[in-house]
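Inspection log for the structure reproduced underneath, given as structure tokens.
What's counted below: heavy atoms across the whole structure, side chains too, no hydrogens, waters or symmetry copies. Chain letters run A, B, ... following the sequence lines, proteins first and then strands; every chain starts at 1.
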Amino acid sequence: MSEEKSLNFIEEIIEQDLQEGKYQSILTRFPPEPNGYLHIGHAKAICLNFGLGLKYAGKTNLRFDDTNPVTEDTEYVDSIKEDIRWLGFNWANEFYASDYFDALYGYAIDLIKKGFAYVDDLTAEEIAHLKGSPTEAGKPSPFRDRSIDENLQLFEAMKAGQYKDGAKVLRAKIDMAHTNMLMRDPILYRIKHAHHHRTGDTWCIYPMYDFAHGQSDSIENITHSICTLEFIPHRELYDWCIEKLGIFPSHQYEFARLNMTYTVMSKRKLLQLVNDGYVSGWNDPRMPTLSGFRRKGYTPESIRLFCDKIGVAKRENFIDLSLLEFCLREELNKKALRVMAVLDPLKLIISNYPDNTTEELISENGPDESMGTRTLPFSKELWIEQEDFMEEAAKKWFRLAPGAMVRLKSAYIVQCDEFVKNEEGKITEIHCTYFPNSKSGNDTSGLTVKGTIHWVSAAQALTAEVRLYDRLFRAENPNNEEGDFKDNINPNSLQIIPKAYIEPSLQNAQLADRFQFIRKGYFCLDTDSSPSHLIFNRTATLKDAWAKEIKKA
RNA sequence: UGGGUUAUAGUGUAAAGGUAGCACACCAGAUUUUGAUUCUGUUCGUCUAGGUUCGAAUCCUAGUAACCCAACCA
């Protein structure tokens, strides 16, 4: 029953490289910039890079691309490491582009000496202006032809801190008329008198991405440097640097980043949601960040499965959020402990059940027998779900209604005799008769019912806060809509139920536990929870055929 | 208007000249002490127009569309 899975285009390249003996083994890297938290799009890149290392008996480095001290911080470094470990991957080495600042500086000197780089005194605006446009060639800077000695001197003075931010830059000398804008004398080094999270105040000049990334790959002997599509134009410059410097030739390959429905993936936008208070933080369960998914109750396995299913290719993609949810349910369905919780309570009184009596019933913890059983208290007064009763039964209604019978999960069959309504027209109580010989597992009543509902014994029920999450955006693609993406935020993305009734066994719930509140969804403890104030997050709903039925009508 | 990249069911992703397959979603049904799970089935696709070939998603020609590139961000 082995299912042969076809290779993605990067695996094909690797297998060919290995076959031809171009490399004995492969080395990949995951290169985040520590200026934000990792999101589900990063998970795709992580699974790809680390997965390749694992699949081909190679290795993968974690390298922080920390060349811009202004936006970077150790808070992000720590969160990124935590998230990668949580996803289940181990890096061979933890490196930083800042580890290579000396080497990079040396490379710059080398380029100057070879006549391939020069110091430019122009302002940012002037440089941009002379750069031309995609359809219009650029013009050379008046400083382009400085002598090698002068460039050397000036660059050293830059490093020594003799100039203010922006006063000078080091540029590559390539071709101001190049069709690739990036090749029009790109900036290699800029002056930033800023404190770096690792090198402190040692440097006041910092290399640009294009002068750091490829060389860092090269220094580490990365064989396959995998990045997203928008870096395609950079490859020419990547290769140019490696060639002019005569260093180890790493190669860059590009794949399409992940896009997903009902969310945004850009770090800039996520940062905005955090800073402007639309969410409680980077790890808000509505965020597409890995820390958000973790808090919401997603498992690393489900995210890895998702990354496996979406594939790797070069074309733009827009993945349905439901695929992620499918992967989640796929796993949780097998693992989650089944328990009962009533979120929107309605009192059910069993008229013919003895007063002041509690019965211990046995219920299975999950579909797999190995998950065992537990006992549940059952008594005369129960809480059931408001939505499980209908005053006038709809078509195909299997639940409670006047005269209707249902099975109380793991307990008895009851029949509704009457109900009580308050002045506002809200149903407050329903009265039933139970059939003593219909006890679950020992049913001799001969009755058959179509519906089974969950319940909690009122006397023994615990209370808990329950947080119900929905998608953060109401538009399938918030980026495509008119106006600001934030205008499309779903106003009902979080619904807090301050007092839900839950079965007593939940008192001992642990953070790592995964539950299915029967018929209501998958839930887990929130990090804010405490034994005296339990808080549960809804990880995902269950598929709901009845909800669909209603929609149709 | 220059350069680059990509086009296969609704969404993804396979098929390396030889039966267009798989997953999710959708729809219909069976089972069910969760209207869950599980199982079965239906519908739906090669960007367009030409050409080569016994045979084209695949090769050729010409179009078209989408995305990326003019940060001292990565």
[X] and [Y]: aromatic ring centres closer than 6.0 Å?
X	Y	result
A/Y100	A/Y107	no
A/F515	A/F523	no
A/F536	A/F517	yes

Run the salt bridge (Lys or Arg N to Asp or Glu O under 4.0 Å) test against A/R538 and tell me which residues pass, sequence neighbours left out. none
Distance in angstrom units between A/D65 CG and B/rC73 C1', rounded: 11 Å
Grab the CG-P distance between A/L188 and B/rA74 for me, whole Å please. 12 Å
What is the nucleic acid contact for [X], judged by heavy atoms within less than 4.0 Å: base, sugar-phosphate only, or nothing?
X	value
A/G441	base
A/K192	sugar-phosphate
A/S133	base
A/P367	nothing
A/F398	base
A/L122	base
A/W455	nothing

For [X], all residues meeting side-chain contact (heavy atoms from CB on, under 4.5 Å), sequence neighbours excluded:
X	result
A/A393	A/W397, A/A401
A/D368	A/S370, A/M371
A/S225	A/R29, A/H213, A/D217, A/I222, A/Y238

dist A/L104:CG -> A/W203:CH2 (nearest 0.5 Å) comes out at 8.5 Å
Would you say the side chain of [X] and the base of [N] hold a donor-acceptor pair, judged only by whether the two atoms sit under 3.5 Å apart?
X	N	answer
A/S440	B/rU33	yes
A/R519	B/rU34	no
A/H454	B/rA36	no
A/R399	B/rG35	yes
A/E136	B/rU1	no

Near-strand residues of [range], defined as heavy-atom separation under 4.0 angstrom from RNA chain B:
range	result
residues 162-179 of chain A	A/G166, A/V169, A/T179
residues 29-36 of chain A	A/E33
residues 332-340 of chain A	A/N333, A/R338

Think A/K396 has a side-chain N or O under 4.0 angstrom from the OP1 or OP2 of B/rG35? no
Please convert RNA chain B into dot-bracket. A pair counts if it is Watson-Crick or G-U wobble with both distances under 3.5 Å; crossing pairs go in [ ] and bases paired with another strand get |. .((((((..((((....[..))))..((((.......)))).....(((((..]....))))))))))).....
Heavy-atom nearest nucleotide on RNA chain B taken for A/D544 and for A/K552; more 5' hit belongs to A/K552
Of A/S410 and A/T67, the one whose nearest nucleotide on RNA chain B sits closer to the 5' end is A/S410
Please list every donor-acceptor pair under 3.5 Å in which a side-chain atom of residues 444-451 of chain A meets a protein atom from a residue at least two apart or in another chain.
residue: A/T444; atom: OG1; partner: A/N437; partner atom: O; Å: 3.4
residue: A/S445; atom: OG; partner: A/D443; partner atom: OD1; Å: 2.7
residue: A/S445; atom: OG; partner: A/L447; partner atom: N; Å: 3.1

Partners passing side chain to side chain donor-acceptor pair (under 3.5 Å) against A/H196 (at least two apart in sequence or in another chain): A/T199
By ring pair (Phe, Tyr, Trp, His ring centres under 6.0 Å) - contacts of A/F155 (at least two apart): A/Y105, A/Y189
Among B/rA74, B/rU33, B/rA36, which is the nearest nucleotide to the side chain of A/L542? B/rA36
When you compare [N] with [M], how far apart are their [atom1] atoms, in angstrom units rounded to a whole number?
N	M	atom1	answer
B/rU64	B/rU52	C1'	23 Å
B/rC44	B/rG21	C1'	14 Å
B/rU11	B/rG45	P	13 Å

Going by atom type alone, with no hydrogens or angles, which donor-acceptor pairs under 3.5 Å involve a side-chain atom of residues 542-553 of chain A and a protein atom two or more places apart or on another chain?
residue: A/D544; atom: OD1; partner: A/W546; partner atom: N; Å: 3.1
residue: A/D544; atom: OD1; partner: A/A547; partner atom: N; Å: 3.0
residue: A/E549; atom: OE2; partner: A/K396; partner atom: NZ; Å: 3.1

On the 0 to 90° scale, with breaks at 30° and 60°, tag the A/W282-A/Y37 ring pair as parallel, tilted or perpendicular. parallel
Residue A/K55 excluded, over 12 heavy atoms near NZ under 6.0 Å: yes
Taking the six-membered ring of A/F389 as reference, does the cationic atom of A/R399 (NZ for Lys, CZ for Arg) lie under 6.0 Å from its centre and within 45° of its axis? no
B/rG12 base stacked by A/F318 (centroids within less than 5.5 Å, tilt under 30°): no
